[in-house]
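The block underneath contains the structure these notes are about, expressed in structure tokens.
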Amino acid sequence: MRNFFISLLIGSGIFFQPILAQDFEPNYEEAQVPSYTLPDPLLFTNGEKVTGPKQWNNRRQEIFELFEKEVYGKSPEWDGELEAEVLFVNPDFMDGKATRKGIRLHLKRNGQDLPLDLLIFYPNTRQAIPAFLGLNFYGNHTLATDSEVAVPTAWIRNNEAMGSSDNKASETGRGKRIPNWPYEEIISRGYGLVSLYYGELDPDFDDGFQNGVHGLFPEESRNAASWGSVAGWAWGLSRVMDFLETESWVNPQKVAVLGHSRLGKAALWAGAMDKRFALVISNNSGCGGAALSRRQYGETVGRINQSFPHWFAENFNQYNEREMELPIDQHQLLALIAPRPVYVASGVEDRWADPKGEFLSCVAASPVYRLFGLEGMPVATQPAVNHPEMGHIGYHVRSGGHGLLEYDWMQYLDFADLHF
Ligand code: GTR
């Protein structure tokens with residue numbers, strides 16, 4: 001009876017509730033960072049050493065499964081149908097320099113239809129070109145000044161940033177995010193840009209995983225290792241990639257996936273799950289993204305699970321205030337992307353995301369790149385503000401706080417030029 005009661009508690013999630021004081025005080029003192037040892041990406045759980053790329057494949061699988069089980073949850077195989085509906089095509093965008101397209105992707109499965117609106121920009125050239133793919137926070141209309149790009153109907157979080165007092169997108173947000181998505185510059189550098197609103201994949205609130213992509217798999221029984229929202233957003237990026245493989249303007253071998261903050265966590269996990277992403281960019285992704293959990297600097301595992309119970313697998317709660325017990329740490333998430341290039345960016349005032357922990361993660365992932373004869377992070381100490389470093393791992397800490405800014409994009413374009 002007692003065991004039955006305990007498993008009932010585990011199943012209901014009550015067991016892993018964060019044991020956090022209400023008045024959580026983040027640590028911002030370097031001297032208060034606990035001493036820790038990071039799990040070695042090149043050491044199998046049984047203690048054997050990885051000595052070459054061939055063994056790395058097996059070790060990679062081991063690490064990947066640990067992230068699935070303990071952090072993000074396991075995403076299902078896609079066995080549904082994908083249909084692309086053309087909403088508009090404007091080949092005379094930017095005085096004829098570019099094309100802007102609206103595509104509604106329909107994810108069909110089990111009698112359900114999940115619509116995802118893609119906003120696509122690309123320069124008018126004859127060759128297939130590289131492109132950036134990234135989820136946006138407030139809807140595609142925030143990347144457009146004109147009404148051809150419709151306001152989304154999906155639920156919006158933190159919508160006051162767009163001048164709305166409820167969770168519905170409206171005209172007040174139109175064009176507001178263009179500075180964060182400088183498509184004119186991206187196009188003039190020869191790249192395409194594909195963006196979609198992340199809430200169409202999975203609305204960012206805790207509804208017991210009923211809606212969004214989770215709703216396409218009603219037969220799935222949930223357990224402590226089931227996929228959370230971060231995994232849902234990441235999985236959705238792969239469905240967009242499925243579509244991009246059918247588009248003639250883009251070179252599918254050269255698609256960079258990028259995301260800011262929670263969507264940076266999703267971009268990293270997308271890059272780990274799907275090797276078709278040739279380059280991966282994490283902008284201020286912080287806890288559960290590029291930052292090392294063991295440092296407990298700024299946002300911690302316990303805090304993030306308390307604030308966002310729907311983001312990760314329920315298992316992640318086991319490590320609330322127990323980061324040292326994690327069988328992996330976030331440098332191994334970067335290592336899962338090797339030998340493909342990965343870029344991590346911080347903002348010096350964005351202490352909540354632990355800029356130094358993001359940098360140290362790049363350093364600790366580097367041995368895996370070296371296994372492939374590649375330079376990972378070229379430097380061992382955190383570079384000065386606004387001094388990017390680019391090996392096969394790139395990193396910068398720029399001036400200012402949390403945000404995807406033009407400075408960040410300039411580095412991503414340079415990094416993509418270097419590797420594509
Ligand atoms: C914060 C959260 C961070 C980060 C951020 C964002 O509230 O604590 O982990 O994801 O939101 O996505 O902007």
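FYI, side chains are in, hydrogens and waters are out, and symmetry mates aren't considered; it's all heavy atoms of this structure.
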Determine whether Gln332 and Arg59 make a side-chain contact, defined as any pair of heavy atoms from C-beta on separated by less than 4.5 Å. yes
In short, salt bridge (Lys or Arg N to Asp or Glu O under 4.0 Å) pairs touching residues 129-152 with sequence neighbours left out are Arg100-Asp146, Arg100-Glu148
In short, ring pair (Phe, Tyr, Trp, His ring centres under 6.0 Å) pairs touching residues 326-351 with sequence neighbours left out are Tyr343-His396, Tyr343-Tyr412, Tyr343-Phe415
Does Met273 reach the side chain of Ser238, with side-chain heavy atoms less than 4.5 Å apart? no
Check: Should Met324 and Arg294 count as side-chain neighbours, where that means a heavy-atom distance under 4.5 Å?
Finding: yes
Here the pair of heavy atoms bringing Trp78 nearest to Lys108 is CH2-O, 3.6 Å
Assess the side chains of Asp204 and Trp311: does a donor N or O sit below 3.5 Å from an acceptor N or O?
yes
Query raised in the report: Does some side-chain heavy atom of Leu143 sit less than 4.5 Å from a side-chain heavy atom of Val149?
Result: no
- Can any side-chain N or O of Asn159 pair as donor or acceptor with the backbone N or O of Met162 at less than 3.5 Å? no
Original post:
Between Trp352 and Arg303, is any pair of side-chain heavy atoms under 4.5 Å apart?
Top reply: yes
Here the salt bridge (Lys or Arg N to Asp or Glu O under 4.0 Å) pairs for residues 381-403, sequence neighbours left out, are Arg398-Asp408
Just do the side chain to side chain contact (heavy atoms under 4.5 Å, CB included) check on Leu82 and Leu107 with the steps written out, would you?
CA-CA 5 Å; Leu82 202 70; Leu107 267 59; 3.3 Å; yes
*Asp206 vs His310, side chain to side chain donor-acceptor pair (under 3.5 Å): CA-CA, chis, key distance, verdict*: CA-CA 5 Å; Asp206 189 12; His310 57 296; 5.0 Å; no
> In terms of heavy-atom contacts, does CD of Glu65 have more than 12 from other residues, nucleotides or ligands at under 6.0 Å?
Replying inline: yes
Contacts of Phe93 meeting ring pair (Phe, Tyr, Trp, His ring centres under 6.0 Å) (sequence neighbours excluded), chain-then-number -> Phe121, Tyr183
Task: salt bridge (charged side-chain N to carboxylate O under 4.0 Å, His left out) between Arg222 and Glu314, worked out - done: CA-CA 10 Å; Arg222 284 201 70 84; Glu314 206 177 304; over 6 Å; no
Residues at least two apart in sequence or cross-chain that pass side-chain contact (heavy atoms from CB on, under 4.5 Å) with Ala353, listed by chain then number, are Asp350, Glu358
For Ile337 and Ala272 the tightest heavy-atom approach is CG1-N, 4.2 Å
**side chain to side chain contact (heavy atoms under 4.5 Å, CB included) between Val397 and Lys356, intermediate numbers included** = CA-CA 9 Å; Val397 53; Lys356 187 167 180 189; over 6 Å; no
Smallest heavy-atom separation, Arg262 atom then Asn158 atom, equals NH2-ND2, 4.1 Å
message = Counting C-beta onward and ignoring hydrogens, is there a side-chain heavy-atom pair between Gln112 and Leu114 closer than 4.5 Å?
response = no
The complete set of side-chain hydrogen bond (donor to acceptor under 3.5 Å, both in side chains) pairs with one or both residues in residues 372-382, sequence neighbours excluded, reads Gln382-Tyr395
Asn167 side chain to Arg157 backbone, donor-acceptor under 3.5 Å: no
Could you go through Phe132 and Leu413, starting from their C-alpha distance and side-chain angles, then the distance that decides it, and tell me whether this counts as side chain to side chain contact (heavy atoms under 4.5 Å, CB included)? CA-CA 9 Å; Phe132 291 90; Leu413 286 162; 3.6 Å; yes
For Asn180, the side-chain contact (heavy atoms from CB on, under 4.5 Å) test, sequence neighbours excluded, returns Arg177, Leu405
Worksheet entry | Residues Trp235, Phe217; criterion ring pair (Phe, Tyr, Trp, His ring centres under 6.0 Å); working and verdict | CA-CA 13 Å; Trp235 181 92; Phe217 298 88; 5.7 Å; yes
Do the side-chain N and O atoms of Asn320 and Asn305 include a donor-acceptor pair separated by under 3.5 angstrom? yes
Across all chains, not counting sequence neighbours, the side-chain hydrogen bond (donor to acceptor under 3.5 Å, both in side chains) partners of Glu185 are none
Contacts satisfying ring pair (Phe, Tyr, Trp, His ring centres under 6.0 Å) that involve residues 273-303 (not counting sequence neighbours) are Tyr28-Tyr297
| query | Quick check: are there more than 12 heavy atoms from other residues, nucleotides or ligands sitting under 6.0 Å from NZ of Lys176? | reply | yes
- Hey, does the side chain of Gln210 reach the backbone of Gly208 with a donor-acceptor pair shorter than 3.5 angstrom? yes
- Any idea how Tyr72 and Trp269 line up, ring-wise: parallel (<30°), tilted (30 to 60°), or perpendicular (>60°)? parallel
**Request:** Report yes if the side chains of Ser399 and Val385 come closer than 4.5 Å at any heavy-atom pair, otherwise no.
**Result:** yes
> Got a donor-acceptor contact below 3.5 angstrom from the Lys265 side chain to the Cys287 backbone?
Replying inline: yes
Taking CD in Glu81 as the centre, count heavy atoms belonging to other residues, nucleotides or ligands within less than 6.0 Å. Is the count above 12?
no
By side-chain hydrogen bond (donor to acceptor under 3.5 Å, both in side chains), Ser261 pairs with (sequence neighbours left out) His402
Worksheet item: Distance-only, no hydrogens or angles: does the Tyr369 side chain make a donor-acceptor pair with backbone N or O of Arg340 under 3.5 Å?
Response: yes
(Q) For Tyr407, is there any backbone N or O sitting under 3.5 Å from a side-chain donor or acceptor partner on Gln411? (A) yes
* **Step-by-step side chain to side chain contact (heavy atoms under 4.5 Å, CB included) determination, Asn211 to Trp155** => CA-CA 11 Å; Asn211 58 16; Trp155 192 90; over 6 Å; no
*asked:* Using modelled atom types and a 3.5 Å cut-off, is there a donor and acceptor pairing between side-chain atoms of Asn124 and backbone atoms of Pro91?
replied: yes
**Request:** Answer yes or no: is there a donor N or O on one side and an acceptor on the other, between the side chain of Ser195 and the main chain of Gly134, under 3.5 Å?
**Result:** yes
Measuring only between side-chain heavy atoms, which start at C-beta, is Leu42 closer than 4.5 Å to Val368? yes
**Prompt:** Just by distance, with hydrogens left out, do Glu62 and Thr45 show a side-chain donor and acceptor under 3.5 Å apart?
**Reply:** yes
Task: Glu219/Arg109 ion pair, N-O < 4.0 Å - done: yes
The side-chain contact (heavy atoms from CB on, under 4.5 Å) partners of Ser366 (sequence neighbours excluded) come to Arg370, Met377, Ile393
Q. Is there a donor-acceptor pair closer than 3.5 Å between any side-chain N or O of Glu85 and the backbone N or O of His106?
A. no
Check your understanding: Would Glu30 and Arg295 pass as an ion pair if we require N to O under 4.0 Å?
Key -> yes
For this session: Spell out, as yes or no, whether a donor-acceptor pair under 3.5 Å connects the side chain of His141 to the backbone of Ser170.
Result: yes
Minimal heavy-atom distance between Cys362 and Gly394, with the atoms involved, is SG-O, 4.4 Å
Taken in chain and number order and not counting sequence neighbours, the residues that satisfy side-chain contact (heavy atoms from CB on, under 4.5 Å) with Glu349 are none
